[in-house]
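Below: one structure, written as structure tokens.
Order of appearance sets the numbers: ligands from 1, and atoms from 1 within every ligand.
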Amino acid sequence: MDYSVYKEKSIEGRYITMESIGSCLSKLSTAPIPIGDSVNGVEIKAFKLGSGDKKVLMWSQMHGNESTTTKALCDMFNFLGSNEPLAKNILKHSTLMIVPILNPDGAIVYTRENINKIDLNRDAKNLSQPESRALRELFESFEPDFCFNLHDQRTLFSAGKTNKPATVSFLSPASNKDRHITPTREVAMKLIVAMDSMLQNHIPGQVGRYDDGFNDNCVGDTFQKFGAPTVLFESGHYPGDYSREKTREYIFWSLLEALKTIVENRIDCFKTGDYFSIPNNQKLFFDVLILNPTIVNPEIETGHAVGIRYKEVLDGDKITFKPEIAEIGPLEEFYGHQTIECIDNKDFGFRTSQKEILDLLLNFNK
Ligand SMILES: [Zn+2]
């Protein structure tokens, strides 16, 4: 199957809002189901597809600036509208309830939180925000057999203690403080193993496992506690792909693999033990790691390196990446998505496009 056929051409990059996915959603044969309004009065929409007995609830962009999975959902909508046998099989044996953007106000201003500055993924107990209540009410009325909680993670994560970025990470959230392996958690673990096995053929070593500390303010932990196997998806960095178009494709494949596993009744073909072989996410990456920066600025101690992380800034309808110094030190165990070694004090090994980084170094401690 050729992904490019199904890739929704009307959207790309990181800035994705209800407006930008409008043309994708208008192609759907099913009418949107209003599930509530955001703080700013934007209608939150769910889409019901398929008519099978296995019910899957998915929501994306509960964090407004985490849009990769929303793009992948649009691609999946296109696929499900095709004549592919897998598409037909998914729609025959499952009913999907999909919320492409749960936090439309946060999406517009490109923030994690909603417009009241509340993190909706820490609001599962209080349900203080209309977006949180909309999702909870949908969960209660739909009674899903499976939940997919769709997110993005920062570029800092590696898959284990390696120089491989965690391009995709998963978690079967804990449902109690002791992080017991309940039957519900096991189902989610097996689905993750199914997706990991597929992904290893495409991005070997670039799949990570997210931290499973229990927090009942988190939606995934709560739904898992209520007995619905819940999988957390985290879209991460693929080398050179700050627009997350490659990761988008791997999320598309992951969603299909999980649905395929569900509708073909193959969950028990996978082993819980293999879930624990997926390496834990580690925070080992900087966006840029600068070696030997002393040559540029003698204020920086000899032997130290500079770790730069990009801050994502909304500029019109584009996201720009503004470098900031995150850490200075030996940084021996760290990696850079880009590594710059300062060689001489004339051009410092920098290209003109990296002038912003050069200025950061020159102005450090001045
Ligand atoms: Zn998130």
Quick test of your reading: applying side-chain hydrogen bond (donor to acceptor under 3.5 Å, both in side chains), list the pairs with at least one residue in residues 91-100, sequence neighbours left out, ordered by first then second residue.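 For residues 91-100, and leaving out neighbouring residues, the side-chain hydrogen bond (donor to acceptor under 3.5 Å, both in side chains) pairs sorted by first residue read N89-H93.
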On the six-membered ring of F146, is K54 placed so that its NZ or CZ lies under 6.0 angstrom from the centre and within 45° of the ring axis?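 Not satisfied by the 6.0 Å and 45° rule.
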Examine R209 relative to Y275 and say whether NZ or CZ is less than 6.0 Å from the centre of the six-membered ring and inside a 45° cone about the ring axis.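 Here R209 passes the 6.0 Å and 45° test against Y275.
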Centres of the F285 and H337 rings: under 6.0 Å?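 Under 6.0 Å, so yes.
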Restricting to N, O or S, what is the name of the atom of H151 that lies nearest the Zn ion (ligand 1)?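 The Zn ion (ligand 1) is closest to the H151 atom ND1, counting only N, O or S.
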Among the N/O/S atoms of H63, which is closest to the Zn ion (ligand 1)? Give the atom name.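 Output for this pair reads ND1.
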Has E66 got an N, O or S atom lying less than 2.8 Å from the Zn ion (ligand 1)?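 Under 2.8 Å: E66 contacts the Zn ion (ligand 1) through an N, O or S atom.
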